[in-house]
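The structure under discussion appears below in the form of structure tokens.
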There are 2 protein chains.
Amino acid sequence: MEKNNFKILVVDDEPDIVEFIAYNLKKEGYDVCTANDGLDGIKIAEKEKPDLIILDIMMPRLDGVETCEHLRRNPMFKNTLIVFLTALGDEQSEIKGLNAGADDYIVKPIKPKLLLSRINALLRRLQPSEVPGKNQIGDFIIDMEQYLVHYKNEHYSLPRKEFELLNLLTSKPGKVFHRDEILNKVWGTEVIVGDRTIDVHIRKLRQRFGDDHIVTVKGIGYKFDS
Amino acid sequence: MEKNNFKILVVDDEPDIVEFIAYNLKKEGYDVCTANDGLDGIKIAEKEKPDLIILDIMMPRLDGVETCEHLRRNPMFKNTLIVFLTALGDEQSEIKGLNAGADDYIVKPIKPKLLLSRINALLRRLQPSEVPGKNQIGDFIIDMEQYLVHYKNEHYSLPRKEFELLNLLTSKPGKVFHRDEILNKVWGTEVIVGDRTIDVHIRKLRQRFGDDHIVTVKGIGYKFDS
DNA sequence: TTTTTTTGTTAACCTTTACTTAACATTAAT
DNA sequence: ATTAATGTTAAGTAAAGGTTAACAAAAAAA
């Protein structure tokens, strides 16, 4: 079920609930980490940098609303989605929670399908996370650290120029990279290589991965399309 | 109360409800427009380009879920927030609504303060619209980064000169571009091409998108009209 | 080191597409 | 009605990219 690379942190003081939520999120393909109270949650959040945090409200040491406010004060979590998941169903609590900076407020008992629908709705707005070192686009995972490309359960070790070219194109899927830009970013400003050089490397990538991914925009350059 | 400049479209077939919601949104400082059913809603949305749309589900002519799906198919509304506001409180309806592409699902009866808290929560995530590199005019979206033109749910990849010509004309809708100006901006001052060349490219654009958008101003040049 | 293999670049040629033009038709203005 | 401007079409031309093979350079292996 490895289909998305979003990471979700679940914070609740009841282990059974944490486990139940984590199980459902993992089944959906999310990467899940957990914490048992607010303070613990903040610590894990700082380490794991999740895309979304699910917070119980009533917790020992630091309650959910305070945790949310604390997180929101830290610019690191400006774009992190926060969802309250609580037994407190009254209007006042919900308003308080949302005004504390939360993105959603879901009332227990937990209905797994509904929870997932809401989580999915929130996450589909999130721009694909820019994790340096790894870059996932469509069927591709570009591992800059290992200079490896994973594609459809296979992994390829490409020559350097090919790798850098693919990495450039996939760094902004859809964007057309001008030939100049490609030369500058892949070959640098010092070296001057002929015009056909780019084409030859594009060709090699197409031979490896098929003709469907790299699109020529005549007169401009190339783009990666998923 | 003019504190934010977000525009919200309220779609519901019950005038009393529309008025009640609109009143509360206006009090909060939002710019509000309204529609009475799905079809009407789509028409108004295309004209007003709201940041957020509140949809009732049970409506004559086109129900809320269908309206939402229709909107989501149009790239113009890719970043528009959609919220269902409905009497249907069962889990299945809610899941269906969220999976249709909605960002939130709120159950009637309406609690004004809670509604506003949720609307505010959604809108504070909205990046300031008008992404540079994208040019939206009427039914057209000119994507300079991807060299793509979106038009009525289709997208077109035009040859360079055609793209640049359309991009020039749409950059100031209504303004008449003199033939000289077109030659300078699209062909540059160096190249000198015959007079009929412009016409041929205009013709190709008209073949693609219909004769209604590019207007000839005899003796002067051309303009784009929506 | 020398040899072998892999990777990078280039040149020559081929293919495709976009662009331009010329000739003629049509339209609009005076 | 006449004229000037624009519309249309098809054909020719130029430009851009694709392909291949040969060679050079670098890296790895012996």
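No experiment lies behind these values; they were computed from the predicted model shown.
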* Structure fact -> The answer to which of G219(B) and D195(A) contacts DNA chain D further toward the 5' end, by nearest nucleotide, is G219(B)
* **Proximity to the side chain of P159(A) - top-ranked nucleotide from dG18(D), dT7(C), dT20(C)** => dT7(C)
* Touch check for Y222(A), heavy atoms < 4.0 angstrom, all strands: base, sugar-phosphate only, or nothing? -> sugar-phosphate
* **Integer-rounded Å distance: dT10(C) P and I192(A) CD1** => 10 Å
* Whole-Å distance between dA18(C) C1' and R196(B) CZ? -> 19 Å
* Could you tell me the separation between the CD1 atom of I202(A) and the P atom of dG18(D), rounded to a whole number of Å? => 8 Å
* Would you mind classifying the nucleic acid contact of T197(A) as base, sugar-phosphate or nothing, using non-hydrogen atoms under 4.0 angstrom? => base
* Structure fact -> From the list I42(A), I54(A), I44(A), side-chain contact (heavy atoms from CB on, under 4.5 Å) partner of L9(A) resolves to I44(A)
* Using a heavy-atom cut-off of under 4.0 Å over every strand shown, decide if K218(B) touches base, sugar-phosphate, or nothing. => base
* Asked: For T216(B) and dG7(D), is the shortest distance between a side-chain N/O and OP1 or OP2 below 4.0 Å?
  -> yes
* Could you state the CD1-C1' distance from I198(A) to dA16(D), rounded to the nearest angstrom? -> 12 Å
* **Electrostatic pair D51(A):R125(A) at N-O distance under 4.0 angstrom** => no
* Look at R203(B) and dT9(D) and indicate whether a side-chain polar atom (N or O) is within less than 4.0 Å of OP1 or OP2. => yes
* State plainly whether the residues D31(A) and K49(A) are in salt-bridge range, i.e. N to O under 4.0 Å. => no
* Asked: Is the phosphate of dC19(C), meaning OP1 or OP2, less than 4.0 Å from a side-chain N or O of W187(B)?
  -> no
* Asked: Quick one: is R206(B) getting a side-chain N or O under 4.0 Å of the dG7(D) phosphate, OP1 or OP2?
  -> yes
* Asked: Is it true that atom OH of Y156(B) has more than 12 heavy atoms of other residues, nucleotides or ligands lying nearer than 6.0 Å?
  -> yes
* **Interatomic distance where CD1 belongs to I220(B) and C1' belongs to dA29(C) [whole Å]** => 13 Å
* Pick the nucleotide of DNA chain D nearest each of R179(B) and V200(B); which residue has the one closer to the 5' end? -> R179(B)
* **D37(A) bridged to K43(A) by N-O distance under 4.0 Å** => no
* Taking NE2 from H201(A) and C1' from dT9(C), how many angstroms apart are they, rounded to a whole number? -> 7 Å
* Asked: K161(B) has an atom NZ; how far is it from atom C1' of dA16(D), in whole Å?
  -> 12 Å
* **Atom pair distance, as rounded to whole Å: CG in D199(B) and P in dT27(C)** => 15 Å
